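Throughout, protein chains are lettered first and strands after them, A, B, ... in sequence-line order, and every chain is numbered starting at 1. Predicted model only: the values in this text are computed from it and were never measured.
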2 protein chains.
Amino acid sequence: MPAPVTEEQSRLDRHALLDAAERLFYARGIQAVGMDEVRAASGLPLKRIYRLFATKEDLVVAMLRNRDQRWRGNLAAYVEGTADPRERVLAIFDWLARWFAEPDFRGCAWTNAFGELGTSSEPVLAEVRSHKRAFHDQIAAWVRPTGIPSAEPVHLLAEGAIVTAAITGDPAPARHARTAVATLLEAAAPEPG
Amino acid sequence: MPAPVTEEQSRLDRHALLDAAERLFYARGIQAVGMDEVRAASGLPLKRIYRLFATKEDLVVAMLRNRDQRWRGNLAAYVEGTADPRERVLAIFDWLARWFAEPDFRGCAWTNAFGELGTSSEPVLAEVRSHKRAFHDQIAAWVRPTGIPSAEPVHLLAEGAIVTAAITGDPAPARHARTAVATLLEAAAPEPG
DNA sequence: TACGATAGAGAACGACCGTTCTCAACGTCA
DNA sequence: TGACGTTGAGAACGGTCGTTCTCTATCGTA
């Protein structure tokens, strides 16, 4: 048997595959990218791809889950670098502003997947909802210590900024949302002075 | 010549076609619906469809434009039924709440189209941007007389509510956004008393 | 060195899609 | 009435896609 695919090799393959799939699917859409292109970009033979993920749908779900971990991890790392609760909530929008300015920014991968597959793939829909719930809960946890009575406006401003920046191609919505959140913070409990 | 397709007939055909196309594309996505299904739903022969619109892409753009007119028209009719400037801005979110509660609500047709075709169809992208700009400008015109210094937060809250209601399937974001806008109105120029 | 299990490369398969073409049917006008 | 021009129905075409299969090369073992 020639190199019967060690477990370590599988881990590396899986990583390369998810990485290539994410790049392609995010840049051009899921339906627009064929499995043959994923094969070429990942450098893996089609056979090995299908041993790791039985269907394209499985691969899409795994890549969304993988992206969720990294994306929310990066957000949390950035935001939690700020100690003051109010500044911390504002930092969410600083992080968004940086993201929007990245050259390959193309909006929210999960919202895009919903637009593409929302009705036709139950597993993808579940993954999208799971990500959005986690993002919402993350924000709620950061908002709680600030005195704002509800986290919902902060969450909605973030979602609105993401979709608007994506479609217009302009990162300004991050600033606008940040300003609005600052106003809400003021309204909830004005700074002394 | 048997009924050489009068101009009046063309108008009716066009209407039936755009209507069927909008229903199908909105419910199940653009790429997921084939032209043959559009033919069956519209009752028009394929030949006549392709005389009205040379390509599927043309049909998609026309249906988005058609929907834009109706959708923003309905919004404006509802909102402008309220005289008081502040109440009028809040009415935007009452209208959204009703829309979110419709049984076939599936989010923003333009955002969904962006997620699906944003990179692969220049004309569709242009139509999506045109709609979003018009929606933004509509909101800005309603916000101007209220004293809120910027319309951006109202717009971002609306966009965030739409995408969140679509993905979660819960119309509550309309209420949350409305409450947030009320707070911003208060903060901008508190009611006397 | 001979064997056998497995891997990689890519052809093949079946389904579907957007678009065009064929052809019989029909209404209109000479 | 007969010929023509246009229509509708749907077959056909060329292409693509997800997935599977074939075939050959390779490597560890005996």
Measuring from B:Leu52:CG to B:Asp58:CG, what's the distance to the nearest 0.5 Å?
11.0 Å
Hits for ring-ring contact (aromatic ring centres under 6.0 Å, His included) against A:Phe100, two or more places apart or cross-chain, chain-then-number order -> A:Phe105
How about B:Arg98: does its CZ atom have over 12 heavy atoms from other parts shown lying under 6.0 Å from it?
no
Sugar-phosphate atoms are those with a prime plus P, OP1 and OP2; base atoms are the rest. Using that split, label each nucleotide of nucleotides 15-21 of chain D B, S or - for protein heavy atoms under 4.0 Å, 5' to 3'.
---SBB-
Pair up each side-chain donor or acceptor in residues 148-161 of chain A with any protein partner under 3.5 Å, not counting sequence neighbours, and list the distances.
from: A:Ser150; atom 1: OG; to: A:Glu152; atom 2: N; distance (Å): 3.1
from: A:Glu152; atom 1: OE1; to: A:His136; atom 2: NE2; distance (Å): 3.0
from: A:Glu152; atom 1: OE2; to: A:His136; atom 2: NE2; distance (Å): 3.1
from: A:His155; atom 1: NE2; to: A:Glu159; atom 2: OE2; distance (Å): 3.2
from: A:Glu159; atom 1: OE1; to: A:Lys132; atom 2: NZ; distance (Å): 2.9
from: A:Glu159; atom 1: OE2; to: A:Lys132; atom 2: NZ; distance (Å): 3.2

Under 4.0 Å between a side-chain N or O of A:Arg51 and OP1 or OP2 of C:dA7?
yes
Spacing between B:Ile49 atom CD1 and D:dT7 atom C1', to the nearest angstrom:
14 Å
Got a salt bridge between A:Arg23 and A:Asp19, using NZ or NE/NH1/NH2 to carboxylate O under 4.0 Å?
yes
